[in-house]
Engineer: 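Right, I'll just put the structure down here and ask away after.
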Number of protein chains: 2
Amino acid sequence: MSIPSGSRATLKDVARESGVSSATVSFVLNRTSGQTISAATRERVLAAAARLGYTPHRIARALREGTSRTVLLSTGSGPAGHSLESFIDGLETELGEHGYTLLVVRGHRAGALPAGLLETIAPRAVLDPVSAYAPAAADAGDGAGAASDGADAGDGAGGASGGAGAADRAGVADWEGGWAHGLAAHSQTQLRYLVEQGHREIAVALPEGGPYARLAALRLDYARTAAAELGLPEPPVIRLGSDRAAAAAELRGMRKKHPGVSAIAAFNDDVAFLVLGAMADLELEAPADLAVIGFDESRYGALWRPALTTVRIDAAAYGRRAARGAIGLELGEWPSSPSRVVRRESA
Amino acid sequence: MSIPSGSRATLKDVARESGVSSATVSFVLNRTSGQTISAATRERVLAAAARLGYTPHRIARALREGTSRTVLLSTGSGPAGHSLESFIDGLETELGEHGYTLLVVRGHRAGALPAGLLETIAPRAVLDPVSAYAPAAADAGDGAGAASDGADAGDGAGGASGGAGAADRAGVADWEGGWAHGLAAHSQTQLRYLVEQGHREIAVALPEGGPYARLAALRLDYARTAAAELGLPEPPVIRLGSDRAAAAAELRGMRKKHPGVSAIAAFNDDVAFLVLGAMADLELEAPADLAVIGFDESRYGALWRPALTTVRIDAAAYGRRAARGAIGLELGEWPSSPSRVVRRESA
DNA sequence: ACTAATCGCTAAATCGAATTAGTTCAACTA
DNA sequence: TAGTTGAACTAATTCGATTTAGCGATTAGT
């Protein structure tokens, strides 16, 4: 009976099936506020929808609403640690609970998404963790002040651009700064572990330039603070490009200048790998000659020789918060993201 | 003058601006076949469209056409070598030339895409290289048979599902088998290099089970053939899980059974890393004690100690062909994908 | 008792492009 | 000269959901 002709059930089919207008069906299914529907009608509509297996046609909806119920997360091509993985998990979970879909696009900077992607998707918001790492245009102080609200013709130029009001735009921007800080704060965990292992003079290894410049500066700040709190001397810094020979030279230089350094806290696992490679070139062993600890557990640490000790950060709660910001819900309190040391061989 | 109210220009705006109906504009802009348009009108329309900066509203179009001009590529969460990177490049280029957009979604099996993704995107086709690695439903021979093609209501269950006819579906399926074979064929390059380095007894390292079971079997076939062609003895096989201790044991066993083996050709770079790790545990050095060559260059090979020698495969031409198949164009000849050895330290 | 507000619901407009079914006019055929 | 054909367009419908305007009936307010 009243099976929709060939394929899928539409609003109209549900309306016909339940004997009301399609407007009413829409009201019921969307719980439209400001509309009163009798309990009896609601039941009939719901039943009909269930019977026909109705699913809203998302493209039609997107056309009408001007934007799809989608949030796009554009991650850079850089290494993806566990914090990003868990962040995505949280994001996806929270969005899913509100009927939104998360779309993760990797390997593009947000400004350089494939042509037409934003137009075909018309996401409600574009999230871009990398832009939090990159230097902002006009940066007053330390807060996330990527206020590039100028005559931006193209969309998605800023770190996060909501579809609707400036309100959620602000909300998302808010998240970003917080994200970077939230991440950086775990420098504590990293240093504390090394101290527990008996190290006193600890160097910090950062990536040289690139998209991480800003986050690197932030990490350094936190590392200094943490060192001070732990009663350690100011940590020497080595900056590593992607060239291994140069990395080895840099490491040798640091060792000469600070012979007492017995451990290195790396910016992330990739930098830690670079350090380990340089150490191998200098015939140094970790952790005997120099302990190395990574940051933000990556997939390769366990395979490495020596296996990399690192810090695992669970950012799912951040993901949920970011989701709420992106779709314009109340943000609530800042969550805390737990972190713990994954102890392997290198430290 | 006649600036479209607030935001973007629509077909209607172009029609008004050029003094014709919106149907005519659509005919002109789409070069609709079976419609004759005078040169003068065409020019006026084109000029007006350019002047207003008209861009088709892709969502409206998708609603009308039933599917967006988009192709979705769903890669597994597994390691991505250069062949995949270049494949994606080719895909994107060719699609772009025909007004299509490529959307790459990583970390999901095609059958398990985020809820609602397919519906919101409505891609013209879904491409899924991983399914070429996984055991197929009707697999006579050796592939482990996790054939779960049951009562799958959802779409995107198959390796590639086109939106339209069975014709392009066939085209895409065609590509997949070819892709796996095209990749596997480069086992030749791998072995030939080792032979050139003076090796005669060469073992093959494969991943144990997992999603690569089928591709592994294929690679083994090609390796055997290549070995025969090069006049080598039948290559011994070691199978490595993800556990390093087990890998070391496996390697030791192989060395005992085949003491003459002087080189290992790995399934891919990740497996090669595992071999190198096992070698370190056994206090063996590459390439002195055992040469190791990877396959399908990954981003980490250059960082490793010793730096990994591997095979780089350029699959861009395959990508272009897959694109043509996905949007229903003629496929043309099978392209050849060049490969070359990236010589580093391990072999 | 008469106006005002509220309930419960529907008709119709809207979003933007593609497409079907015509319409008009001129040229050409029989 | 009537009839056919084709070129060059246009009006109107369609895709499917959301949303505004509004209608009749009931309830509340003074």
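Letters A, B, ... mirror the listed sequences (proteins, then strands); counts begin at 1. Any value given below was found using the heavy atoms of this structure, including those in side chains, with hydrogens, waters and symmetry copies removed.
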Engineer: Just the rounded figure in Å: distance from C1' of C:dG16 to CZ of B:Arg61.
Structural biologist: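 Atom CZ in B:Arg61 sits about 11 Å away from atom C1' in C:dG16.
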Engineer: Could you check how far CG of A:Leu63 sits from P of D:dT14, rounded to whole Å?
Structural biologist: 17 Å
Engineer: Output one line per pair: protein atom, nucleotide atom from nucleotides 24-27 of chain D, and distance, for all N/O pairs under 3.5 Å.
Structural biologist:
none

Engineer: In whole angstrom, give the distance that lies between atom CZ of B:Arg69 and atom C1' of C:dG16.
Structural biologist: 14 Å
Engineer: Hey, can you pull the donor-acceptor pairs under 3.5 Å for the side chains in residues 32-42 of chain A, sequence neighbours left out?
Structural biologist:
{"residue": "A:Ser38", "atom": "OG", "partner": "A:Thr41", "partner atom": "N", "Å": "3.3"}
{"residue": "A:Ser38", "atom": "OG", "partner": "A:Thr41", "partner atom": "OG1", "Å": "2.8"}

Engineer: Testing the 3.5 Å rule here: is there a donor-acceptor pair between the side chains of A:Asp89 and A:Ser86?
Structural biologist: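 No - no donor-acceptor pair under 3.5 Å links their side chains.
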Engineer: Protein-nucleotides 25-29 of chain C N/O pairs closer than 3.5 Å?
Structural biologist:
none

Engineer: Passes side-chain contact (heavy atoms from CB on, under 4.5 Å), A:Leu127 versus A:Leu91? Steps please.
Structural biologist: CA-CA 10 Å; A:Leu127 268 30; A:Leu91 202 49; 3.9 Å; yes
Engineer: Using the side chain to side chain donor-acceptor pair (under 3.5 Å) rule, pick out the option among A:Ser26, A:Ser21, A:Ser22 that qualifies with A:Thr24.
Structural biologist: A:Ser21
Engineer: Has the side chain of B:Arg64 got a donor or acceptor atom sitting under 3.5 Å from an opposite partner on the base of C:dA18?
Structural biologist: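 Counting by modelled atom types and ignoring angles, a donor-acceptor contact under 3.5 Å is found here.
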Engineer: How close or far is atom C1' of C:dA17 from atom CZ of B:Arg16, stated in whole angstroms?
Structural biologist: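 About 15 Å, once rounded to whole Å.
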Engineer: Which residues satisfy the side chain to side chain contact (heavy atoms under 4.5 Å, CB included) test with B:Glu97, sequence neighbours excluded?
Structural biologist: B:Thr93, B:Glu94, B:Arg320
Engineer: Round to the nearest Å and state the distance from B:Leu11 atom CG to D:dA12 atom P.
Structural biologist: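 Distance, rounded to whole Å: 17 Å.
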Engineer: Can you list every salt bridge (charged side-chain N to carboxylate O under 4.0 Å, His left out) pair that touches residues 59-71 of chain A, not counting sequence neighbours?
Structural biologist: A:Glu65-A:Arg69, A:Glu65-A:Arg124
Engineer: Using heavy atoms and a sub-4.0 Å distance, could you list which residues of residues 18-43 of chain B are near DNA chain C? By number, please.
Structural biologist: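 Contacting residues: B:Ala23, B:Ser26, B:Phe27, B:Asn30.
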Engineer: Under 4.0 Å between a side-chain N/O of B:Tyr54 and OP1 or OP2 of C:dA17, yes or no?
Structural biologist: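 For C:dA17, OP1 or OP2 has a side-chain N or O of B:Tyr54 closer than 4.0 Å.
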Engineer: In whole angstrom, give the distance that lies between atom CD of A:Glu65 and atom P of C:dA13.
Structural biologist: 21 Å
Engineer: With a 4.0 Å cut-off on N to O distance, would you call A:Glu85 and A:Arg106 a salt bridge?
Structural biologist: yes
Engineer: A:His57 NE2 to C:dC15 P: how many Å, rounded?
Structural biologist: 19 Å
Engineer: Indicate the atoms forming the closest heavy-atom contact of A:Ser337 with A:Ala315, along with that distance.
Structural biologist: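 Between these two residues, the closest heavy atoms are CB-CA, 4.3 Å.
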Engineer: Any N/O pairs under 3.5 Å between the protein and nucleotides 4-6 of chain C? List them or say none.
Structural biologist:
none

Engineer: State which residues pass side chain to side chain contact (heavy atoms under 4.5 Å, CB included) with A:Ala122; sequence neighbours excluded, sorted by chain then number.
Structural biologist: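 Partners of A:Ala122 under the side chain to side chain contact (heavy atoms under 4.5 Å, CB included) test: B:Ile59.
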Engineer: Could you go step by step and tell me if A:Tyr54 and A:Leu29 meet the side-chain contact (heavy atoms from CB on, under 4.5 Å) rule?
Structural biologist: CA-CA 10 Å; A:Tyr54 169 76; A:Leu29 263 28; 3.6 Å; yes
Engineer: When the axes are fitted on five pairs at both termini, how much does the helix from C:dA1-D:dT30 to C:dA30-D:dT1 curve, in 10° steps?
Structural biologist: 50°
Engineer: Output all residues satisfying side chain to side chain contact (heavy atoms under 4.5 Å, CB included) with B:Arg51, sequence neighbours left out; order by chain, then residue number.
Structural biologist: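 Expected list: B:Glu17, B:Ala47, B:Ala48.
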Engineer: Would you sort out whether B:Leu103 and A:Thr120 count as a side-chain contact (heavy atoms from CB on, under 4.5 Å), showing the intermediate values?
Structural biologist: CA-CA 10 Å; B:Leu103 182 58; A:Thr120 19; over 6 Å; no
Engineer: Please name the pair of heavy atoms, one in B:Tyr100 and one in B:Thr70, separated by the smallest distance, quoted to 0.1 Å.
Structural biologist: CD2-N, 3.7 Å
Engineer: A:Ile121 and B:Ile121: side-chain contact (heavy atoms from CB on, under 4.5 Å), yes or no, with the steps?
Structural biologist: CA-CA 7 Å; A:Ile121 311 288; B:Ile121 312 287; 3.1 Å; yes
Engineer: I'd like to check the side chain to side chain contact (heavy atoms under 4.5 Å, CB included) partners of A:Ala60; sequence neighbours left out, ordered by chain and number.
Structural biologist: A:His57, B:Leu63
Engineer: Under the salt bridge (charged side-chain N to carboxylate O under 4.0 Å, His left out) rule, collect the residues that match up with A:Glu43, sequence neighbours excluded.
Structural biologist: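 With sequence neighbours excluded, A:Glu43 shows a salt bridge (charged side-chain N to carboxylate O under 4.0 Å, His left out) to no residue whatsoever.
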